[in-house]
Amino acid sequence: MWFVGRAVVTFRGGFASRPLCELGKSQFHSGKTSYALNSANQRIIKSNIKPDLKPIKSKTRRETPGKSYSSRNPHSPASTARKGGIPKDTNRGTQPANDMAPPSKKQKAEPIRVEFTEAKPGKKLADLSTAIFTKNPYFVQSAPRYTDFKIKTLPEVAFVGRSNVGKSSVINALANRNRLVKTSKSPGHTKLLNTFSMADRLMLVDMPGYGFRSWDEWGTMSMDYFRESTRLRRIFVLIEATHGFKDKDQDLMSLLDGMGVSYQVVLTKTDKLSKTALTQIRSDIEAELSQNTISCFPQVLPVSASKKLGVVELRCAILDACRINSQ
Ligand SMILES: Nc1nc2c(ncn2[C@@H]2O[C@H](COP(=O)(O)OP(=O)(O)OP(=O)(O)O)[C@@H](O)[C@H]2O)c(=O)[nH]1
Ligand SMILES: [Mg+2]
């Protein structure tokens, strides 16, 4: 069993009985907590994704007996009810496995799918988001740990992704500023947790990229924040549209799924692709995410910071995550 906060997650296939030190390559330690991934048990699924895109490694669907889903999880029954919908799979994560009737052959064959939807914010929300993000954005601080944050009253969203994927540029685009955040052609520019207040309504957290520093070092700084913070409302996982998912992106998403933390995928630098190529890549990615992730928000947001495309949709998704819908 893998204890994550209050959640207890068991894995099929003998993983549960193996000591942590024997687990797959993706593990690191933070304080007293150890994080690990069951990469040995993952299998690659065949997909029609473009050759330069790596399909997400399919994870064995987890039974989650007794797992208490975080309120941030968009697929939790509570979350779905909030949105006025009926959760498709209300048993998932709410009933002990022993109490469940054995699934029929038909049920076993059916994959759990999430419908990915188009982001079309209404004018009122779009205007509100423009006002909040562009009126008074300011840099708050660079902190080595989330516990050092000076402002502890605002809802937060974090931007994570590989080095050079465009995290800092996206924050500049959101605030409609050129130099609110320093950007660089060389990877590894952002080294601490940089926080920015948007009109004192919410905080954007620009995180150091992974891939440049060691995964262990990155995890030490980030995982406690993801796991423990009560102000963190959603993590935006940035993927460069032309590169697609890399191993570390998949590792991160598996960890977030394991912790039941809500995250949403943002495709960056979409100006580098034709409209047709972007549509294809986006639908391939959505198909992969709908099959192989648990806490991923059902909407992929394409953005170009340099051409200012998709910025309003991203602002609205952030307001939604922070539950801000009025002045
Ligand atoms: N074509 C294009 N280039 C972009 C876009 N966004 C960012 N870039 C470029 O990508 C490079 C990296 O951008 P950053 O925003 O610094 O990336 P980062 O993810 O913050 O990088 P680290 O802080 O090193 O992790 C810079 O040279 C940017 O000009 C975009 O939308 N389109
Ligand atoms: Mg940066």
Side-chain angles (χ1 to χ4, degrees), residues 52-53 119 133-134 137-146 149 156-198 203-223 225-226 234-253 256 263-275 277-279 281-282 285 300-315 317-318:
D52 60 338
L53 282 175
F133 280 85
T134 61
Y138 63 93
F139 169 70
V140 180
Q141 69 179 128
S142 293
R145 280 176 53 81
Y146 86 98
F149 286 0
E156 295 157 12
V157 296
F159 293 84
V160 302
R162 288 172 57 77
S163 300
N164 220 241
V165 74
K167 300 176 290 294
S168 303
S169 304
V170 161
I171 292 180
N172 277 336
L174 286 169
N176 201 23
R177 299 284 198 277
N178 289 330
R179 276 184 284 275
L180 179 67
V181 198
K182 281 184 195 148
T183 63
S184 169
K185 277 184 186 152
S186 5
H189 188 77
T190 308
K191 293 186 172 64
L192 296 165
L193 306 176
N194 294 326
T195 56
F196 301 86
S197 164
M198 299 291 124
M203 293 255 282
L204 306 183
V205 182
D206 186 16
M207 311 240 345
Y210 46 79
F212 181 74
R213 306 173 103 194
S214 78
W215 181 238
D216 206 60
E217 203 180 353
W218 184 86
T220 303
M221 182 181 275
S222 314
M223 296 315 288
Y225 176 41
F226 298 159
R234 194 177 297 171
I235 295 168
F236 289 89
V237 179
L238 273 58
I239 307 288
E240 201 167 327
T242 47
H243 294 180
F245 294 114
K246 304 281 184 186
D247 284 350
K248 288 286 175 276
D249 301 321
Q250 296 162 359
D251 291 349
L252 172 68
M253 289 191 284
L256 297 178
Y263 60 95
Q264 185 163 13
V265 170
V266 176
L267 290 181
T268 62
K269 307 189 188 180
T270 54
D271 53 284
K272 290 185 173 180
L273 289 172
S274 71
K275 209 175 167 187
L278 177 61
T279 307
I281 280 164
R282 189 179 165 190
I285 283 179
V300 168
L301 297 168
V303 167
S304 163
S306 51
K307 299 275 189 241
K308 304 271 192 300
L309 298 171
V311 175
V312 175
E313 287 81 357
L314 180 55
R315 283 182 192 143
I318 294 168

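Every heavy atom of this structure was used, including side-chain atoms; hydrogens, water molecules and symmetry mates were not. Both counts, for ligands and for their atoms, begin at 1 and track the order of listing.
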Open item on the list: Tell me if a side-chain donor or acceptor on Arg234 pairs with a main-chain N or O of Gln264 at a distance below 3.5 Å.
Closed with: no
Open item on the list: Once side-chain hydrogen bond (donor to acceptor under 3.5 Å, both in side chains) is applied, do any residues pair with Asp271, and if so which ones, sequence neighbours excluded?
Closed with: Ser304, Ser306
Open item on the list: For atom 23 (O) of ligand 1, what is the closest protein heavy atom, and at what distance to 0.1 Å?
Closed with: Thr190 OG1, 2.7 Å
Open item on the list: Students should be able to answer this: which protein heavy-atom is nearest to atom 13 (O) of ligand 1, and at what distance?
Closed with: Ser169 OG, 3.5 Å
- [ ] Give the residue, atom name and distance (to 0.1 Å) of the protein heavy atom nearest atom 30 (C) of ligand 1.
- [x] Ser306 OG, 3.3 Å
TODO: Please determine which of Thr183, Asp206, Asn194 meets the side chain to side chain donor-acceptor pair (under 3.5 Å) test together with Ser168.
DONE: Asp206
Open item on the list: Ignoring hydrogens, what is the shortest heavy-atom contact between Glu240 and Lys272? Give both atom names and the distance.
Closed with: OE2-NZ, 3.6 Å
Open item on the list: I need the minimum non-hydrogen distance between Asn172 and Leu180, along with the two atoms involved.
Closed with: OD1-N, 3.1 Å
- [ ] Evaluate whether atom NZ of Lys182 has more than 12 neighbouring non-hydrogen atoms of other residues, nucleotides or ligands under 6.0 angstrom away.
- [x] no
- [ ] Please report which non-hydrogen protein atom sits nearest to atom 22 (P) of ligand 1, along with the residue it belongs to and the distance in Å to one decimal place.
- [x] Asn164 N, 3.6 Å
Task: Is_contact(atom 32 (N) of ligand 1), protein non-hydrogen, under 4.0 Å - done: yes
- [ ] Name the closest protein heavy atom to atom 27 (O) of ligand 1, giving the residue it belongs to and the distance to 0.1 Å.
- [x] Lys185 CG, 3.3 Å
Task: Heteroatom count (protein N, O or S) under 2.8 Å of the Mg ion (ligand 2) - done: 2
Open item on the list: Quick test of your reading of the structure: of Lys269, Lys307, Lys308, Lys182, whose heavy atom lies closest to atom 3 (N) of ligand 1?
Closed with: Lys269
TODO: Output yes when a side-chain donor or acceptor of Lys167 lies under 3.5 Å from a complementary backbone atom of Arg162, and no otherwise.
DONE: yes
TODO: Could you name the option among Met207, Arg162, Lys167 that has the heavy atom nearest to atom 19 (O) of ligand 1?
DONE: Lys167
TODO: Check whether any heavy atom of Thr268 sits under 4.0 Å from an atom of ligand 1.
DONE: no
TODO: Using a strict 4.0 Å cut-off to heavy atoms of Lys272, name the atoms of ligand 1 that fall inside it.
DONE: 1 (N)
Task: Minimum heavy-atom distance Arg282-Pro302, with the two atoms named - done: NH1-CG, 3.7 Å
Open item on the list: Using a 4.0 Å cut-off to any heavy atom of Gly209, which atoms of ligand 1 qualify?
Closed with: 25 (O)
Open item on the list: Against ligand 1, does Ser304 come closer than 4.0 Å with any heavy atom?
Closed with: yes
- [ ] Run the numbers for me: atoms of ligand 1, each under 4.0 Å from some heavy atom of Asp271, listed by number.
- [x] 1 (N), 2 (C), 30 (C), 31 (O), 32 (N)
- [ ] Report, in ascending order of atom number, the atoms of ligand 1 lying under 4.0 Å from any heavy atom of Ser168.
- [x] 15 (O), 20 (O)
Task: Nitrogen or oxygen atoms of Val303 and ligand 1 under 3.5 Å apart - done: no
Open item on the list: Using a 4.0 Å cut-off to any heavy atom of Gly166, which atoms of ligand 1 qualify?
Closed with: 13 (O), 14 (P), 15 (O), 17 (O), 18 (P), 19 (O)
Task: Contacts of Phe236 that satisfy ring-ring contact (aromatic ring centres under 6.0 Å, His included) - sequence neighbours left out - done: Phe159
Task: Nearest neighbour in protein (non-hydrogen) for atom 26 (C) of ligand 1 - done: Ser184 O, 3.5 Å
Task: Heavy-atom closest contact (Leu192 atom, Ser142 atom, distance) - done: CD1-CB, 3.8 Å
Open item on the list: Could you work out, with ring-ring contact (aromatic ring centres under 6.0 Å, His included) as the rule, every residue matching Tyr138, not counting sequence neighbours?
Closed with: none
Open item on the list: If you define the side chain from C-beta out and look only at heavy atoms, does anything of Val205 sit under 4.5 Å from Phe149?
Closed with: yes
TODO: Return the minimal non-hydrogen interatomic distance between Pro144 and Leu193, and the atom names on each side.
DONE: O-CD1, 4.3 Å
TODO: Answer yes or no: is there a side-chain heavy-atom contact under 4.5 Å between Ile235 and Leu252?
DONE: no
